[in-house]
A.B. asks: 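Input: one structure, supplied below.
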Amino acid sequence: MEDEVIKKFLYVNRKAPYGTIYALESLEVVLIGAAFDQDVSLAFIDDGVYQLKKDQKTSVDSGAGMKNFSKTYLALGDYDVNKIYVDKASLDERGLTADDLMELVYEDEDDDYKEKSSISIVNQEEIAQLMEQQDVVLSF
Amino acid sequence: MEDEVIKKFLYVNRKAPYGTIYALESLEVVLIGAAFDQDVSLAFIDDGVYQLKKDQKTSVDSGAGMKNFSKTYLALGDYDVNKIYVDKASLDERGLTADDLMELVYEDEDDDYKEKSSISIVNQEEIAQLMEQQDVVLSF
Amino acid sequence: MKFGILVNEGPYQHQSSDSAYQFTKAALEKGHEIFRVFFYHDGVNNASRLMVPPQDDRNIVNRWTELGKKYNLDLVVCIAAAQRRGMLDENEAKRQGKDASNIAEGFHISGLGQLIEAGIKSERLVVFGD
Amino acid sequence: MKFGILVNEGPYQHQSSDSAYQFTKAALEKGHEIFRVFFYHDGVNNASRLMVPPQDDRNIVNRWTELGKKYNLDLVVCIAAAQRRGMLDENEAKRQGKDASNIAEGFHISGLGQLIEAGIKSERLVVFGD
Amino acid sequence: MLHTINKSPFETNSLETCLRFARAGHSVLLFEDGIYGAFKGTRFESLITDSLKSKNIYVLVPDVEARGMRTDNVIDGIKTVDYAGFVDLTVDNKTVQAWL
Amino acid sequence: MLHTINKSPFETNSLETCLRFARAGHSVLLFEDGIYGAFKGTRFESLITDSLKSKNIYVLVPDVEARGMRTDNVIDGIKTVDYAGFVDLTVDNKTVQAWL
């Protein structure tokens with residue numbers, strides 16, 4: 001059945017949030033895409049790592065006057081989007097560590113629904129391998 | 001009389017042509033602005049120097065399928081826009097020299113209408129000084 | 001081969017919009033199939049029938065409409081991205097209580113699922129953006 | 001002090017459009033005068049009355065219209081940039097033989113001379129772009 | 001003279017070019033994605049620290065907070081402003097140049 | 001795998017990041033403002049020359065010509081393609097990744 005085709009989808013995020021809409025609208029694709037039962041991974045590279053920065057504070061009525069969409073990342077685990085790869089070199093040159101990122105977690109149904117981290121901080125070679133395994137790469 | 005205010009306008013061009021529309025639409029501002037008898041200068045910095053590259057070849061019906069607007073630069077002299085400053089360091093790192101640029105000229109009415117080059121290739125300090133003297137800086 | 005095309009930038013401002021068109025046309029002329037062209041982000045603005053470019057310039061919306069007609073293309077404009085930016089077809093305009101619509105002939109508005117489907121059903125997905 | 005504001009990018013896609021609004025509002029609240037806000041390049045798309053952003057997001061065109069009304073702002077959309085991109089007021093639509101217009105209340109379409117004039121008549125010109 | 005930077009220094013060359021042309025005594029405002037240049041521990045810290053010797057550098061707080069960055073992690077010497085402070089900067093400087 | 005680059009390496013970091021992740025045997029297409037990375041005598045020439053040892057690099061001729069750049073000044077080893085050749089590259093590679 002055609003419905004059963006499972007492809008590897010990678011979303012590559014290289015842009016900071018708020019300065020442009022790519023981060024927000026990319027996330028909207030990921031959420032819709034989650035309904036399609038494909039094999040989904042997200043990579044955060046370059047300024048894309050800033051998308052996962054915790055403590056984002058803005059609202060339509062205060063501060064920068066833009067909607068705070070960062071909480072949506074926290075919901076990814078519930079949509080079975082739990083393979084999130086963050087480029088270590090990108091964190092390093094920005095003076096960021098894992099502690100600066102939101103805690104994105106999911107419940108592992110193969111391991112008694114234990115809560116596990118969705119984020120893997122990986123090196124260049126691991127991301128390069130990940131990219132090579134994909135069927136579809138969506139870049140924003 | 002308010003009409004006689006003469007301000008120093010600097011147009012700063014830092015983007016390559018064709019990849020984005022900024023070069024073309026910036027030039028449209030310069031042409032309209034020429035009718036206002038202000039003291040106009042243009043600076044080409046970073047990828048902006050590519051705007052002046054000679055031999056641009058494209059048309060709506062062939063090649064990249066975009067309109068070739070480069071000939072408009074040649075008309076600037078006729079609009080009394082003849083102070084065109086090109087950043088030497090930007091040319092250097094791109095492997096370009098004065099010979100790669102279009103010949104932009106004007107007729108000097110204070111010197112028996114001799115044809116002179118509108119382009120000055122200048123260093124960082126000269127451009128910094130130029131910027132400091134301006135009343136209005138339009139960046140595209 | 002079957003292609004999906006994603007267009008992320010609007011007309012004239014970024015060449016992405018032109019490159020996507022030139023690529024799509026070249027693929028069709030080589031006998032490939034275009035499963036769908038999906039317009040997202042500012043890419044939705046490519047679908048405006050109100051464009052009036054200068055006489056000596058290309059007409060980006062007409063170019064897509066004509067290519068669409070010739071090859072029976074599925075030109076899909078993302079509804080969420082379109083709403084934000086003021087791109088509506090007649091139905092959407094009515095539904096939203098707006099007094100006008102601006103989507104050109106040959107384009108239709110649909111959801112992001114159409115992009116995912118293009119990724120699944122096409123053998124190659126090619127992205128044009130900024 | 002008298003300000004001119006130049007907005008070079010469209011709504012939602014680039015923060016420039018938001019920053020220009022926040023700056024203009026802050027300047028007005030401090031008692032400064034805004035001689036003109038000039039919308040150029042994709043900035044013309046800020047003037048679309050067809051925008052339907054999500055309920056929980058800001059409405060960029062309404063925000064400008066309301067600020068314009070409150071402070072009697074001169075919100076000018078560049079005609080050449082607008083035509084290319086499909087932004088028309090009623091007169092322009094008629095003149096171009098188009099069946100719809102999309103410019104919101106409070107904005108008006110005019111030529112690039114209005115930008116130069118803003119540069120001459122304002123004490124500061126502040127540019128918001130990409 | 002006030003220079004404004006709205007791009008991340010990690011993504012584009014706007015900050016570096018701006019600092020090449022800005023002269024002693026000038027002011028530079030980092031806003032939008034430009035704020036990412038303002039923090040300790042980044043690859044651009046020494047460029048900023050050097051520039052602070054002769055220039056005034058400001059960062060827009062609402063854009064810092066939107067992005068979850070911490071004002072207490074801003075490089076020493078950079079001053080924080082809100083939109084009203086941004087307006088004041090454009091009043092205090094005769095010319096404003098946006099490095100887009 | 002085919003990587004596409006449409007940004008000038010002088011303006012953004014797309015080319016550099018792409019080359020950091022592209023593996024031996026991969027192909028890279030330079031088009032739109034990305035073509036500026038393809039020429040002799042630029043600051044990026046050695047990066048490109050190094051990459052050519054393990055990767056295939058292509059440049060889109062219509063974008064070169066539009067910008068007045070010379071195909072005879074393209075770095076040795078870079079291959080030239082037109083739009084039809086661009087299509088062929090996407091056919092010959094299983095995945096296409098755009099470095100926007």
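All figures in this text were calculated on a predicted structure; none of them were measured in a lab. Proteins get letters first, then strands, A, B, ... in listed order; numbering begins at 1 in each.
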A.B. asks: May I ask you to test the Val37(D)-Asp74(D) pair for a side-chain heavy-atom distance under 4.5 Å?
C.D. replies: no
A.B. asks: Judged by atom type as modelled, is there a donor-acceptor pair below 3.5 Å linking the side chain of Asp100(B) to the main-chain atoms of Thr97(B)?
C.D. replies: yes
A.B. asks: Checking heavy atoms, do the side chain of Leu112(D), its backbone, both or neither come under 4.5 Å from chain B?
C.D. replies: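 For Leu112(D), backbone and side chain are both near chain B.
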A.B. asks: Do the side chains of Asp108(B) and Glu115(B) get nearer than 4.5 Å, heavy atoms only?
C.D. replies: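 Glu115(B) does not reach Asp108(B) side chain to side chain.
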A.B. asks: Quick check on the structure: residues of residues 72-79 of chain B within a heavy-atom distance below 4.5 Å of chain D, by number.
C.D. replies: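 Residues in range: none.
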A.B. asks: Does the gap between the ring centers of Phe140(B) and His41(D) come in under 6.0 Å?
C.D. replies: yes
A.B. asks: Could you list which of residues 46-63 of chain B have a heavy atom closer than 4.5 Å to any heavy atom of chain D, in residue-number order?
C.D. replies: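 At a heavy-atom separation under 4.5 Å, chain D is reached by no residue of residues 46-63 of chain B.
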A.B. asks: Run the numbers on Glu66(D) and Lys70(D) for salt bridge (Lys or Arg N to Asp or Glu O under 4.0 Å), then give the verdict.
C.D. replies: CA-CA 6 Å; Glu66(D) 283 157 24; Lys70(D) 183 167 174 188; over 6 Å; no
A.B. asks: Flag yes if more than 12 heavy atoms outside Lys88(B) fall under 6.0 Å of its NZ atom; otherwise flag no.
C.D. replies: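 Not buried by this count: 12 neighbours or fewer within 6.0 Å.
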A.B. asks: Any side-chain donor paired with an acceptor under 3.5 Å for Asn68(B) and Tyr18(B)?
C.D. replies: yes
A.B. asks: Check each atom of Ala81(D) against the heavy atoms of chain B and say whether the ones under 4.5 Å are side chain, backbone, both or neither.
C.D. replies: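 Contact with chain B is through both the backbone and side chain of Ala81(D).
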A.B. asks: Any side-chain heavy atom of Arg58(D) sitting closer than 4.5 Å to one from Asp18(D)?
C.D. replies: yes
A.B. asks: Would Arg84(D) and Glu28(B) count as a salt bridge (Lys or Arg N to Asp or Glu O under 4.0 Å) here? Give the steps.
C.D. replies: CA-CA 13 Å; Arg84(D) 276 198 180 96; Glu28(B) 292 185 348; 3.0 Å; yes
A.B. asks: Does Lys116(B) NZ have over 12 foreign heavy atoms under 6.0 Å away?
C.D. replies: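 For Lys116(B), atom NZ is crowded (more than 12 foreign heavy atoms under 6.0 Å).
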A.B. asks: Between Arg85(D) and Glu25(B), is there a side-chain N and carboxylate O pair less than 4.0 Å apart?
C.D. replies: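 Here Arg85(D) pairs with Glu25(B) in a salt bridge, since their nearest N and O are under 4.0 Å apart.
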A.B. asks: Side chain from CB out, backbone as N, CA, C, O: work out which of these in Asp42(D) comes under 4.5 Å of a heavy atom of chain B, or both, or neither.
C.D. replies: neither
A.B. asks: Between Glu9(D) and chain B, with a heavy-atom cut-off of 4.5 Å, which part of the residue counts as in contact: side chain, backbone, both or neither?
C.D. replies: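 Looking at Glu9(D), just its side chain touches chain B.
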A.B. asks: For Glu33(D), is the CD atom crowded, meaning more than 12 foreign heavy atoms sit under 6.0 Å from it?
C.D. replies: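 Check passes, neighbour count above 12.
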A.B. asks: Side chain, backbone, both or neither: which part of Phe9(B) has an atom under 4.5 Å from a heavy atom of chain D?
C.D. replies: side chain
